[in-house]
Amino acid sequence: MAKNKRFVWENVQTGLMKETTIIIDKETGVNYLFVQHGYAGGLTPMLDKNGKPIITPPNEIID
């Protein structure tokens with residue numbers, strides 16, 4: 001197993017049987033939205049108003 005984890009998980013919101021999390025890829029800076037509700041879930045890249053992936057600059061990613 002690698003020493004450095006590639007993804008940073010930021011818990012945004014939790015509720016009864018549901019959770020919304022933003023996941024940031026430290027190598028590319030791309031932000032993903034993960035939503036879990038009960039036993040179901042979904043993952044999608046977050047997009048800006050022009051349809052391009054939201055990218056967090058490396059110096060703004062907090063481990």
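Scope of the values below: all heavy atoms of this structure, side chains included, with no hydrogens, waters or symmetry mates.
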Item checked: Nearest non-hydrogen partners of L47 and G51, listed with the distance -> CD2-O, 3.8 Å
Checklist line | Transitive ILVMFWY cluster of M17, excluding itself - 4.5 Å side-chain cut-off | finding: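 L16, listed by chain and number.
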If hydrophobic clusters are built by linking Ile, Leu, Val, Met, Phe, Trp and Tyr wherever their side-chain heavy atoms come under 4.5 Å apart, do [X] and [Y] end up in the same one?
{"X": "V35", "Y": "V12", "value": "yes"}
{"X": "F34", "Y": "I54", "value": "no"}
{"X": "L43", "Y": "I24", "value": "no"}
{"X": "V30", "Y": "I61", "value": "no"}

Check: Can you tell me if N50 uses its side chain to pair, donor with acceptor, with the backbone of K52 under 3.5 Å?
Finding: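 A pair under 3.5 Å: no.
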Next item on the list: Might you work through the side-chain contact (heavy atoms from CB on, under 4.5 Å) test for T20 and L33, ending with a clear yes or no?
Entry: CA-CA 7 Å; T20 305; L33 177 66; 3.5 Å; yes
Check: Got a second to check how far E60's CD is from I55's CD1, nearest 0.5 Å?
Finding: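 Going from the CD atom of E60 to the CD1 atom of I55 covers 12.0 Å.
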Notebook entry, point to check: For residues 23-33, which residue pairs qualify under side-chain hydrogen bond (donor to acceptor under 3.5 Å, both in side chains), counting only residues two or more places apart or in two chains?
Noted result: R6-D25, D25-T28, K26-D63, N31-T56
